[in-house]
A.B. asks: 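Structure below; questions to follow.
We count residues from 1, following the sequence as given. Here the structure is a predicted model, which is why all the values come from computation and not from measurement.
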Amino acid sequence: MHVIRAEDRTRIVLSGEVDADLGADLAQAGDDAEAAGLPIDIDAHHVTFMDSSGVAFLARLAQRTEHRIRLINVPPTVQFLLEITRIGELLDVVEDPQA
């Protein structure tokens with residue numbers, strides 16, 4: 001997981017399994033991104049698995065930030081979770097980060 005700050009956005013890059021083992025790292029990444037005060041992109045391209053910890057992270061971040069979160073390059077397994085939990089309604093899901 002990486003947090004990358006640009007001039008106009010902050011990007012959190014997730015990869016591998018996003019589960020309870022990453023709880024503290026997810027919280028820290030969310031805090032770091034939120035502290036920047038910029039719109040946040042979450043790149044999920046390399047996520048192979050996500051459990052309720054990842055869904056909770058997305059929901060908390062979406063509720064705490066003033067800007068709408070963009071979730072970029074969402075794999076089918078994560079898209080499925082967004083749909084069944086309805087968390088996808090709190091986020092903008094986009095394929096192209098330039099969109």
A.B. asks: If you take all heavy atoms of His67 and Gly37, which pair is closest and at what distance?
C.D. replies: NE2-O, 3.5 Å
A.B. asks: Got a salt bridge between Arg60 and Asp31, using NZ or NE/NH1/NH2 to carboxylate O under 4.0 Å?
C.D. replies: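 Salt bridge: no.
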A.B. asks: If you group Ile, Leu, Val, Met, Phe, Trp and Tyr by side-chain heavy-atom gaps below 4.5 Å, do Met1 and Leu38 land in one group?
C.D. replies: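 No, separate clusters.
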A.B. asks: Treating Ile, Leu, Val, Met, Phe, Trp and Tyr as nodes and any side-chain heavy-atom pair under 4.5 angstrom as an edge, say whether Val3 and Ile72 lie in one connected cluster.
C.D. replies: no
A.B. asks: Could you check Leu58 against Met50 for side chain to side chain contact (heavy atoms under 4.5 Å, CB included), going step by step and ending with a plain yes or no?
C.D. replies: CA-CA 11 Å; Leu58 294 173; Met50 182 180 284; 4.2 Å; yes
A.B. asks: Does anything in residues 16-29 pair up under side-chain hydrogen bond (donor to acceptor under 3.5 Å, both in side chains), and if so which pairs, sequence neighbours excluded?
C.D. replies: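 Listed once each, the pairs are Gln28-Asp32.
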A.B. asks: Does Arg70 come within less than 4.0 Å of Asp92, counting only side-chain N to carboxylate O?
C.D. replies: no
A.B. asks: Look up atom OG1 in Thr10 and atom CG in Asp41, then write down how far apart they are to the nearest 0.5 Å.
C.D. replies: 8.5 Å
A.B. asks: To the nearest 0.5 Å, how far apart are CZ in Arg64 and CD1 in Ile69?
C.D. replies: 10.0 Å
A.B. asks: Report yes or no: do Ile42 and Ile4 belong to one cluster of Ile/Leu/Val/Met/Phe/Trp/Tyr joined by side chain heavy-atom distances under 4.5 Å?
C.D. replies: no
A.B. asks: Could you check whether any side-chain N or O of Thr65 sits under 3.5 Å from a backbone N or O of Leu61, counting only pairs where one atom can act as donor and the other as acceptor?
C.D. replies: no
A.B. asks: May I have the step-by-step check of side chain to side chain contact (heavy atoms under 4.5 Å, CB included) for Asn73 and Glu95, ending in yes or no?
C.D. replies: CA-CA 5 Å; Asn73 301 320; Glu95 283 298 313; 4.0 Å; yes
A.B. asks: Could you measure the distance from the CD1 atom of Ile40 to the CG atom of Leu71? Nearest 0.5 Å is fine.
C.D. replies: 12.0 Å
A.B. asks: Kindly indicate, with the supporting measurements, whether the criterion side chain to side chain contact (heavy atoms under 4.5 Å, CB included) is fulfilled by Val93 and Leu82.
C.D. replies: CA-CA 10 Å; Val93 178; Leu82 296 175; 3.9 Å; yes
A.B. asks: Is there a path of hydrophobic side-chain contacts, each under 4.5 Å between heavy atoms of I/L/V/M/F/W/Y residues, joining Val78 to Val13?
C.D. replies: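 Different hydrophobic clusters.
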A.B. asks: Working to the nearest 0.5 angstrom, can you tell me the gap between Ile12 CD1 and Arg5 CZ?
C.D. replies: 10.0 Å
A.B. asks: What distance separates Ile87 CD1 from Phe57 CZ, expressed to the nearest 0.5 Å?
C.D. replies: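 If I round to the nearest 0.5 Å, the distance is 12.5 Å.
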A.B. asks: Grouping I, L, V, M, F, W and Y whenever their side-chain heavy atoms are under 4.5 Å apart, do Val94 and Leu91 come out in a common cluster?
C.D. replies: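 As far as the 4.5 Å side-chain criterion goes, Leu91 and Val94 are not connected within one cluster.
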A.B. asks: Once you round to the nearest 0.5 Å, how far does OG of Ser53 lie from CG of Leu26?
C.D. replies: 7.5 Å
A.B. asks: For the residue pair Ala44 and Pro75, what are the closest heavy atoms and their distance?
C.D. replies: O-CD, 3.2 Å
